[in-house]
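Every chain is numbered from 1 and lettered A, B, ... according to where its sequence line falls, protein lines coming before strand lines.
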There are 2 protein chains.
Amino acid sequence: MQTFAFNFLYLLSIQMLYIIMSKKQVTIQDIAKELNITASTVSRALNDHPKIKQSTKELVQNTAKKLNYQPNSIAASLRKGRATTVGMIVPRINRHFFSNVITGVESVLNPAGYNLIICQSEESIEKENENINTLIANRVGGVLISISIETKTFAHLERVLSHHIPLVMFDRIADELDVSMVENDDVSGSYDLTKHILAKGAKTIAWIGGPRSSNIYQNRYNGYKKALEEAGINPKAMTCFEGSITLDSALDFIRPFIEKNKNNMPDAIFSASDYMAMGVIQGLQEAGYKIPEDIMIAGYSNEPFAELISPKLTTVDQFSEEMGRATAKLLLEEIEAKNEYIHKKTTLKPKLIIRESTDK
Amino acid sequence: MQTFAFNFLYLLSIQMLYIIMSKKQVTIQDIAKELNITASTVSRALNDHPKIKQSTKELVQNTAKKLNYQPNSIAASLRKGRATTVGMIVPRINRHFFSNVITGVESVLNPAGYNLIICQSEESIEKENENINTLIANRVGGVLISISIETKTFAHLERVLSHHIPLVMFDRIADELDVSMVENDDVSGSYDLTKHILAKGAKTIAWIGGPRSSNIYQNRYNGYKKALEEAGINPKAMTCFEGSITLDSALDFIRPFIEKNKNNMPDAIFSASDYMAMGVIQGLQEAGYKIPEDIMIAGYSNEPFAELISPKLTTVDQFSEEMGRATAKLLLEEIEAKNEYIHKKTTLKPKLIIRESTDK
DNA sequence: ACACAGAATGCAAACGTTTGCATTTAATTT
DNA sequence: AAATTAAATGCAAACGTTTGCATTCTGTGT
């Protein structure tokens, strides 16, 4: 037993013993002392610097493992002036669309050595502003944002830029700002969808959606309008409703609507949100309408429930993960380019998904 | 115009001009020079230290605003030895349950001055291990984790503890570890659910779910078993299926199952996952079965689609946001307690949600 | 006017890296 | 063998805070 203890101790250097006894964390200094070299060399060895001998690198790596060294990226960030962390602000993380975008972003950023701080604005500009502050305080390497519904001014985003932190907007963008962006071609998506409904024989198509002060819903309206005008139909004559993008808000709209228009219902309702489409469907089914026989319904976003419900919902898929990847790639480009001007705009074409709710 | 420029310059100190011209960031040193005091005082003033005069605090705050100062929490973290950041590892962020837990966690952690780094393990122990490494490298103030399905050993979690970083487990926990945890009482949830189905007149109830090597599904099985045994029914005689918790996996199970058992179908199927319940429902509807008339179906988790589908799905709600809040609170306790031993376990009772799919 | 306590501020080191430049060591040429 | 070049490592400062201890103020009681 004594022999074992002796052998055990013999294998350990004084340095190692010291580290194990004290609660202090292991640093590159400790590795340096252990090997009688400098911290500089250790640092370069760990970062695979070309000027360090291969044998030294291996020595350092082994000692690092032996001492159970864990790099301190806070110290590195302080020295380098920026963190290997990227901030991402979304209105709500539990929206399927956004959590998929996040997944896409991570699939590009993690391999590049970055990780994400995720913030929720909860559709409030104040919260968004606070989020920006914590991200700046954390000296993130970049900021990815999809702005809140409330956001109409952009001083907080300009603060990000003034700290030389690259900014990329996605989905809910602001053309006022001169930054890289990734957007969905909502005009094209809703244009295709409306054409499809027209092809199915509809003459009157009502439109409902979120507030058109938001680019998103304005564009989803514009595509719809364009298709109608091309078909020689006056969109002004159609019913439109703008409200909060929830099932309940749509239900509150559709019930009195049915009451008022029971002898004069449209052939189809295009809801620029799947959630609102759900409300519309429930309201219509309550009132005894058959979908799509009596009235066709289409949504937008391809929420996961769209293919689970009955009738399965025709909608537009937005390739959310792809949007995340595109956003992350633009950010990496900006980071690489340092301060050079390379602001780009990527537009993703969405895809029409035809299901039962318009399949007359 | 000249007068204006002169007045403008007059209002600015040399210090301010210097900062505006150069691209360097504003530090507490700059504020200090501006006011002819030391950085120490500025630091204390900004952190509302009791020994600083009120008038000084105001002076400092005003100058900070004037110079457009943004605190550098990386520097603060380095000095303090830990970041105001908390790491959270979940299998998948786009699972509704997890994104709601995240929301709950943030609602407690943000007001306390922390923000979240979110990592996805994607149900892989290797990825989980990498996640742990980046969180340790970032010297997070704590780690919250729901382990992956694959995770059977816990060396990586012990590494977290050896760095004196508090760890709290939630939902998918490991009783082997001596840390704080928050769990759902899955036994009670599935016991209540099974009792309900029995009360509706079922004599035979099949069980399907994820692998019982995971605590979660073992417990959801145990509650089911307990209710059956209490009713004098032998659970061994019932059909059980363990597979991946997806709609498709359940569909692959149910189709041949129907084929084999068409003259001998159970009265009900309890799926320990809402996703699998969806597959079961689709398979049964395909084959012409009516739910709940011919066969009752129940799920587990109360996914958002559960109340949107037809028939609406009976399931068990897990108060996911509440679980997030509970988890975050335990973490804060651990952080406050420094190294004192206060490992606690919180158990949340889930709630049975009865809907059409079992409402015979 | 003096000592004294308490309030307010200053001093200086520390946190763990990274990195430009200087120096040493090894390899190559003359 | 000396001189030259290239390869490898060392030196020291810097990043922006925080904080224990020391020092300087301010006002109070004698």
Could you check whether [X] gets within reach of a base, just the sugar-phosphate, or nothing at all, counting any heavy atom under 4.0 Å?
X     : value
B:T27 : sugar-phosphate
A:S73 : nothing
A:K51 : base
B:I74 : nothing

Would you mind reading off the distance between [X] atom [atom1] and [N] atom [atom2], rounded to a whole angstrom?
X      : N      : atom1 : atom2 : value
B:K53  : C:dG6  : NZ    : C1'   : 14 Å
A:R82  : D:dG16 : CZ    : P     : 15 Å
A:R139 : D:dG16 : CZ    : C1'   : 9 Å
B:I52  : D:dT19 : CD1   : P     : 13 Å
A:L78  : D:dT17 : CG    : C1'   : 8 Å
A:H164 : D:dC15 : NE2   : P     : 16 Å
A:Q54  : D:dA8  : CD    : C1'   : 13 Å
A:L46  : C:dT19 : CG    : C1'   : 15 Å

### Query
Between B:R159 and B:N133, does any side-chain donor sit less than 3.5 Å from a side-chain acceptor?
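Checked: B:R159/B:N133 side chains pair up, N/O donor to acceptor below 3.5 Å.
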### Task
Determine whether the side chains of B:H156 and B:E128 contain a donor N or O and an acceptor N or O closer than 3.5 Å.
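Indeed, the side chains of B:H156 and B:E128 share at least one donor-acceptor pair under 3.5 Å.
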Taking only the side-chain nitrogens and oxygens of [X], find out if one of them lies under 4.0 Å from OP1 or OP2 of [N].
X     : N      : answer
A:Q25 : C:dG16 : yes
A:N72 : C:dC15 : no
B:S77 : C:dC15 : no
A:T38 : D:dG10 : yes

### Query
Under 3.5 Å, is there an N or O donor on one side and an acceptor on the other linking the side chain of B:S40 and the base of C:dC11?
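Flag set: donor-acceptor pair detected.
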### Task
May I ask you to verify whether the side chain of A:R44 and the base of C:dG20 hold a donor-acceptor pair under 3.5 Å?
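Yes, the side chain and the base share a sub-3.5 Å donor-acceptor pair.
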### Query
Would one find more than 12 heavy atoms of other residues, nucleotides or ligands at under 6.0 Å from atom NZ of B:K344?
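Result for NZ/B:K344: open.
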### Candidate nucleotides D:dA8, C:dT9, C:dT18, ranked by approach to the side chain of A:S43 - the nearest
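When the side chain of A:S43 is considered, C:dT18 is the closest of D:dA8, C:dT9, C:dT18.
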### Closest nucleotide among C:dT18, C:dT9, D:dG16 to the A:N47 side chain
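Between C:dT18, C:dT9, D:dG16, the one nearest the side chain of A:N47 would be C:dT18.
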### Closest-nucleotide 5' rank along DNA chain D - winner of B:K80 and A:T41
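That would be A:T41.
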### Query
Do NZ/NE/NH1/NH2 and the carboxylate oxygens of B:R325 and B:E321 come within less than 4.0 Å?
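Yes, charged N to carboxylate O under 4.0 Å.
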### Task
Decide yes or no on side chain to side chain contact (heavy atoms under 4.5 Å, CB included) for A:L144 and A:F170, but give the supporting numbers first.
CA-CA 7 Å; A:L144 309 175; A:F170 65 93; 4.2 Å; yes
### Query
Below 4.5 Å, heavy atoms only, C-beta onward: do A:H343 and A:E334 meet side chain to side chain?
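Contact flag for A:H343/A:E334 side chains = yes.
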